[in-house]
Amino acid sequence: MGGEKPGEESQTETSSVSETELLKEVMVDGVNITGMSKEEAKAAILENYPWAMTVTWQEETYEVMDLMAGKVDELLTEIYSGEPGEKYSLDTNGLEEAAAAEAAKAAAKWDKVAKNGSISSYDKETDQFLFTGAEKGQALDQEKLTKDILGALKKKDFDAKLTASVDPVDPEFSEETAKEKYKTISSFTTKTTSNSKRNTNVKLSAEAINGTVLQPGEEFSFNETVGQRTEAKGYKGAAAYNNGEVVEEIGGGVCQTSSTLYNAVLKAGLKTTKRQSHTYEPSYVTPGTDATVSWNGPDYRFVNNSSAAIGIRAKYSDQTITISIYGVPVLEEGVTYSLKSKKLKDLDPPAPTYEEDPTLEPGVEKQKSGGSRGSYWETRLVVKKGEEIISQDVDHVVTYKGHAPVVLRNTSGSVAPTESVPDENAINPSEASSIAPEGAGDGFTRPLGQGTGSGGTSSGGPGANDQGVSNPGGNAVGEAPGGGSTTVTPTTPAQPAPTTAPQTPTTAAVQSVPTEAEPGGNVPPMVAPMPGN
């Protein structure tokens with residue numbers, strides 16, 4: 001062989017022989033593998049000890065994964081990598097975790113969670129949730145099956161036919177008990193404005209979620225439940241924000257419904273899975289406690305992490321929306337959850353924007369609106385038992401944008417006659433249905449110099465900012481403190497809420513970067529843990 005060095009051929013042959021065949025007589029649990037290659041030896045052993053272990057229950061069968069194939073490989077590696085002995089035995093030790101994993105897989109096949117007596121549907125005519133009876137469950141005895149698998153392995157009974165032990169599981173409570181346990185476990189109320197179109201949208205979205213029933217583990221989506229807000233469904237054009245400008249859009253106002261729901265869900269001890277704040281401070285809840293939504297954009301979601309189904313009640317009447325959660329208490333008796341928001345600082349207004357006014361003298365600038373400051377808020381989850389505060393950890397932080405001042409100027413070099421100039425930014429009602437999803441600025445705060453607050457009592461006069469201040473009882477009343485950017489100290493006390501031991505806040509509320517689906521943008525991404533199991 002050209003290029004071979006002396007001794008190379010002999011070395012190769014020796015290595016090949018030691019890896020592929022045994023010249024010495026070797027027995028593995030009575031199987032003679034003398035003269036066999038490693039693969040031939042494996043086939044001979046597996047033929048003598050075939051794996052076909054199964055677990056049966058009633059007429060169903062679960063095939064246990066081959067737990068010995070790896071053991072055979074390990075043994076043959078030992079035999080073929082050194083000077084072999086004469087007799088070997090397959091090692092069945094150390095398979096406790098693997099056997100337990102197989103028992104768990106079998107349990108997943110046959111286990112059935114018991115169902116408590118609970119609500120199952122909602123009768124709109126009677127305004128009542130309907131109850132269904134409890135159902136027994138069943139659970140495979142995993143500990144016994146694990147022992148049975150290990151026992152068969154020890155006896156090298158690799159084709160054992162094992163029988164599962166499945167026991168019935170009683171529900172925690174019956175239908176009769178459920179009717180006694182069910183109650184309104186939380187409620188939250190906010191005040192709307194006098195805008196009839198906006199109130200129509202709040203009412204329609206409340207009606208859409210009213211009567212919703214969520215089974216344990218089921219997730220609620222505001223957008224999926226309410227659906228697209230369209231004129232065909234009766235939604236009206238109402239004020240909202242698009243790229244920092246006040247616009248009219250179909251469905252403006254439904255964020256008040258989602259924000260009210262968010263607070264009710266949190267007070268109930270349920271687990272919010274998706275929430276994000278508005279671009280600008282809301283007027284109907286304390287900033288930091290809002291939840292914006294828009295079709296094909298931000299959504300509000302939560303999971304029923306309780307042991308029974310829960311129902312949502314949502315009612316609008318006389319400029320008031322109240323949302324309640326009906327269910328079996330999640331929180332321990334005497335324990336309450338609430339949010340407490342505090343403004344940490346004001347932020348400078350954005351740089352001015354300029355509009356052309358040909359009636360002004362060249363070089364002259366005139367302020368059209370003064371703009372407003374942004375703000376940075378910290379929101380804490382307050383967990384109390386009675387009057388004792390158990391914890392008040394930071395739940396999330398929010399940055400709200402300010403409004404850019406608008407300055408009029410004339411850069412044309414000449415002065416036009418003073419006559420009525422059409423406002424190119426004016427909204428054409430016939431085009432209102434195509435102006436952007438409602439989520440970006442729903443429940444907006446007016447920029448300085450553009451009128452009094454519309455969210456409630458106007459105490460600041462022209463140029464005031466609408467600001468949400470939560471009052472005792474959970475109602476959010478819009479007020480309009482006079483002038484400048486206001487500082488709002490949340491006054492929402494710990495609201496009485498039936499129910500759960502303090503739970504570590506978990507889930508995230510993510511605030512997204514501005515997108516086309518969310519006109520006006522949102523604050524930088526942030527993660528806000530929500531309470532839940």
Side-chain angles (χ1 to χ4, degrees), residues 112-137 169-189 202-229 233 254 256-275 291 293 299-317 321-331 337 497-500 503 507 530-533:
K112 180 182 177 183
V113 178
K115 291 184 178 180
N116 293 318
S118 67
I119 57 175
S120 59
S121 59
Y122 170 75
D123 187 334
K124 186 175 181 180
E125 291 185 1
T126 62
D127 189 27
Q128 297 290 326
F129 287 101
L130 305 181
F131 284 80
T132 56
E135 295 181 13
K136 283 193 173 185
V169 177
D170 292 325
E172 295 179 38
F173 44 85
S174 65
E175 178 180 346
E176 291 72 24
T177 305
K179 290 180 180 179
E180 298 175 359
K181 287 180 173 289
Y182 267 82
K183 62 179 70 175
T184 297
I185 60 177
S186 73
S187 184
F188 198 81
T189 299
V202 172
K203 180 180 179 180
L204 289 175
S205 57
E207 290 175 349
I209 66 174
N210 183 51
T212 299
V213 174
L214 291 181
Q215 297 300 323
E218 189 175 357
E219 184 179 47
F220 171 92
S221 162
F222 186 92
N223 282 339
E224 291 175 6
T225 303
V226 175
Q228 187 171 3
R229 282 65 87 179
K233 293 180 180 179
V254 300
Q256 180 154 357
T257 305
S258 58
S259 295
T260 307
L261 174 62
Y262 164 53
N263 283 272
V265 165
L266 181 134
K267 288 178 61 181
L270 299 174
K271 181 180 178 181
T272 289
T273 53
K274 187 173 184 180
R275 181 205 72 86
V293 294
D299 194 8
Y300 172 65
R301 295 174 178 264
F302 74 93
V303 166
N304 175 13
N305 51 287
S306 71
S307 61
I310 60 107
I312 300 174
R313 292 186 182 277
K315 302 293 183 183
Y316 169 83
S317 179
I321 177 173
T322 298
I323 298 182
S324 304
I325 305 298
Y326 183 65
V328 176
V330 177
L331 304 172
Y337 280 175
T499 72
T500 81
Q503 303 175 29
T507 340
M530 293 290 130
N533 293 333

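What's counted below: heavy atoms across the whole structure, side chains too, no hydrogens, waters or symmetry copies. For this chain, numbers begin at 1 and follow the sequence in order. Remember, it's a predicted structure, so these values are computed and weren't measured experimentally.
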Check: Between the side chains of Thr272 and Tyr300, is a donor N or O closer than 3.5 angstrom to an acceptor N or O?
Finding: yes
Checklist line | Verdict with supporting geometry, Arg313 and Ile323, side-chain contact (heavy atoms from CB on, under 4.5 Å) | finding: CA-CA 6 Å; Arg313 292 186 182 277; Ile323 298 182; over 6 Å; no
Notebook entry, point to check: Is Arg275 salt-bridged to Asp299, going by a charged N under 4.0 Å from an acidic O?
Noted result: no
Next item on the list: Sorted by first residue and then second, give each salt bridge (Lys or Arg N to Asp or Glu O under 4.0 Å) pair with at least one member in residues 210-223; sequence neighbours left out.
Entry: Glu219-Arg301
Margin query: How long is the straight-line distance from OG1 of Thr225 back to CG of Leu261, given to the nearest 0.5 Å?
Written below: 9.0 Å
Next item on the list: Compare every heavy atom of Ser186 with every heavy atom of Ala264, then report the nearest pair and how far apart it is.
Entry: O-OG, 2.6 Å
Item checked: Residue from Ile185, Thr184, Leu214 passing side chain to side chain contact (heavy atoms under 4.5 Å, CB included) with Ile325 -> Ile185
Next item on the list: Kindly say whether Phe188 contributes a backbone atom to a donor-acceptor pair with the side chain of Lys267 at under 3.5 angstrom?
Entry: no
Item checked: Contact check, side chains of Lys183 and Pro329, non-hydrogen atoms, under 4.5 Å -> yes
Check: After noting the C-alpha distance and the side-chain angles of Val265 and Lys271, does the key distance pass the side-chain contact (heavy atoms from CB on, under 4.5 Å) rule?
Finding: CA-CA 8 Å; Val265 165; Lys271 181 180 178 181; over 6 Å; no
Margin query: I need the minimum non-hydrogen distance between Asn305 and Gly269, along with the two atoms involved.
Written below: ND2-O, 3.4 Å
Checklist line | Partners meeting side-chain hydrogen bond (donor to acceptor under 3.5 Å, both in side chains) with Ser174 (sequence neighbours left out) | finding: Glu176, Thr177
Could you list the donor-acceptor pairs under 3.5 angstrom formed by side chains in residues 202-209, with sequence neighbours left out?
{"residue": "Ser205", "atom": "OG", "partner": "Asn201", "partner atom": "O", "Å": "3.0"}
{"residue": "Ser205", "atom": "OG", "partner": "Val202", "partner atom": "O", "Å": "2.9"}
{"residue": "Ser205", "atom": "OG", "partner": "Thr257", "partner atom": "OG1", "Å": "2.7"}

Next item on the list: Check ring-ring contact (aromatic ring centres under 6.0 Å, His included) between Phe302 and all other residues, then give those that pass, not counting sequence neighbours.
Entry: Phe220
Checklist line | 4.5 Å side-chain heavy-atom contact, Gln256 and Val254 | finding: no
Note to self: So, using side chain to side chain contact (heavy atoms under 4.5 Å, CB included) as the criterion, who are the partners of Asp123 when residues are at least two apart?
What the structure shows: Glu125, Thr126, Leu130
Checklist line | Nearest heavy-atom neighbours spanning Ser324 and Ser187 | finding: OG-OG, 3.0 Å
Item checked: For Asn116, side-chain hydrogen bond (donor to acceptor under 3.5 Å, both in side chains) partners two or more places apart -> none
Next item on the list: Indicate whether any N or O donor in one side chain lies under 3.5 Å from an N or O acceptor in the other, for Ser306 and Asn304.
Entry: yes
Checklist line | Heavy-atom closest pair, residues Ala178 and Gly117 | finding: CB-O, 3.0 Å
Next item on the list: For Ile310 and Ile119, work out which heavy atoms get closest and say how close.
Entry: C-CD1, 3.6 Å
Check: Does the side chain of Ser118 come within less than 4.5 Å of Tyr182's, by heavy atoms?
Finding: yes
Next item on the list: Classify the ring geometry between Phe129 and Tyr122 as parallel (under 30°), tilted (30 to 60°) or perpendicular (over 60°).
Entry: tilted
Checklist line | Residue pair Ile321 / Lys315, side-chain heavy-atom distance below 4.5 Å | finding: no
Next item on the list: Determine the minimum heavy-atom distance between Gln215 and Ala309, stating which atoms define it.
Entry: OE1-CB, 3.7 Å
Check: Arg229 versus Val293: any side-chain heavy-atom pair under 4.5 Å?
Finding: yes
